[in-house]
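A short write-up of the structure that comes next.
Order of the sequence lines sets the chain letters (A, B, ...), proteins ahead of strands, with each chain counted from 1.
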Amino acid sequence: MSRAGLTRMTKIEVVVTGAEGAAVRDLIQAVGATGYTNLSGVSGLGHHGQHQGRLLFNQQATLELIITVVSDDKADDLIAGLRPLLSASSGVMFVTDTYVSRPDYFT
Amino acid sequence: MSRAGLTRMTKIEVVVTGAEGAAVRDLIQAVGATGYTNLSGVSGLGHHGQHQGRLLFNQQATLELIITVVSDDKADDLIAGLRPLLSASSGVMFVTDTYVSRPDYFT
Amino acid sequence: MSRAGLTRMTKIEVVVTGAEGAAVRDLIQAVGATGYTNLSGVSGLGHHGQHQGRLLFNQQATLELIITVVSDDKADDLIAGLRPLLSASSGVMFVTDTYVSRPDYFT
């Protein structure tokens with residue numbers, strides 16, 4: 001694919017309960033990310049049965065989807081920081097290659 | 001990119017009308033996915049002109065965005081199941097490589 | 001990953017203020033994209049400190065997330081058109097490989 005003029009970065013999407021959103025945003029800030037996007041109106045059934053075992057498959061918890069895009073070195077720090085936070089909750093993260101037009105916005 | 005400690009999975013995003021959301025979630029459950037994320041507050045103009053031909057480009061239908069992350073074998077099953085469902089509607093799906101930290105949550 | 005029966009396309013996600021959403025949708029239409037998905041309930045702190053310098057890290061602007069999927073040639077046109085629009089604002093775009101089941105819907 002033509003990616004002329006674009007720079008590869010790492011997109012990290014985190015789905016957590018509303019109660020955990022602030023901790024995720026604090027961590028994003030702590031690793032030096034320059035911003036994030038926050039989606040409300042998010043519900044879902046967790047990927048971890050244990051933590052949401054009382055929910056039937058069509059019952060949904062109220063969640064937040066938090067998206068940030070960072071350089072690789074910050075991605076490593078952020079992923080390392082998110083691991084224990086998510087391990088203590090039912091949150092999940094998705095890490096995806098993405099390309100941006102203005103890498104200076106993200107570093 | 002450094003992906004140490006992460007496992008590649010398949011993210012499937014489905015955009016459908018609210019009326020079709022339950023069928024998509026049932027299918028996600030049927031293939032053995034362990035969860036999903038559901039976004040409301042979604043509107044759009046379908047990628048298929050035929051089904052939404054009465055809408056002007058800036059008129060938007062009320063939609064849902066449903067995200068799930070699964071292993072490759074379940075992805076094949078889910079994609080196969082979604083094809084006829086989406087063919088009968090104006091829904092679309094996007095299939096993307098992603099990486100997760102806890103693959104056991106998704107298999 | 002098994003991608004039998006799927007076609008690679010380019011997913012472009014744009015995060016802009018509500019005031020700029022219409023211009024982004026107009027541009028998506030102008031390059032010949034067949035549709036888009038629009039998410040409301042989006043807030044965030046911009047990746048560009050300069051334009052949102054008055055916000056603290058946990059203060060969030062009201063934003064829109066606009067997603068479209070296009071073929072590579074249209075992606076180049078759209079990215080070229082989005083650059084000046086985003087340069088004049090605090091918006092960002094993320095460009096990601098994705099796969100679809102019905103490429104004719106997107107071209």
message: On a heavy-atom basis, which atom in R83(B) and which in S101(C) lie closest, and how many Å separate them?
response: NH1-CB, 3.6 Å
- prompt: Does some side-chain heavy atom of K11(C) sit less than 4.5 Å from a side-chain heavy atom of E13(B)?
  reply: yes
query: Heavy atoms, side chains only, cut-off 4.5 Å: are Y99(C) and T96(B) in contact?
result: no
field: Side-chain touch L86(B)/R102(C), heavy atoms, less than 4.5 angstrom
entry: yes
task: With the side chain counted from C-beta on, respond yes when V95(B) and V100(C) share a heavy-atom pair under 4.5 Å apart, and no when they do not.
output: no
N38(C) vs V42(B), side chain to side chain contact (heavy atoms under 4.5 Å, CB included): CA-CA, chis, key distance, verdict: CA-CA 6 Å; N38(C) 203 72; V42(B) 180; over 6 Å; no
statement: Okay, L65(B) and chain C: the region with an atom under 4.5 Å from a heavy atom over there is side chain
statement: So CG of L39(B) and OG1 of T37(C): to nearest 0.5 Å the spacing works out to 11.0 Å
- prompt: For V15(B), is it the side chain, the backbone, both or neither that has a heavy atom under 4.5 Å from a heavy atom of chain C?
  reply: side chain
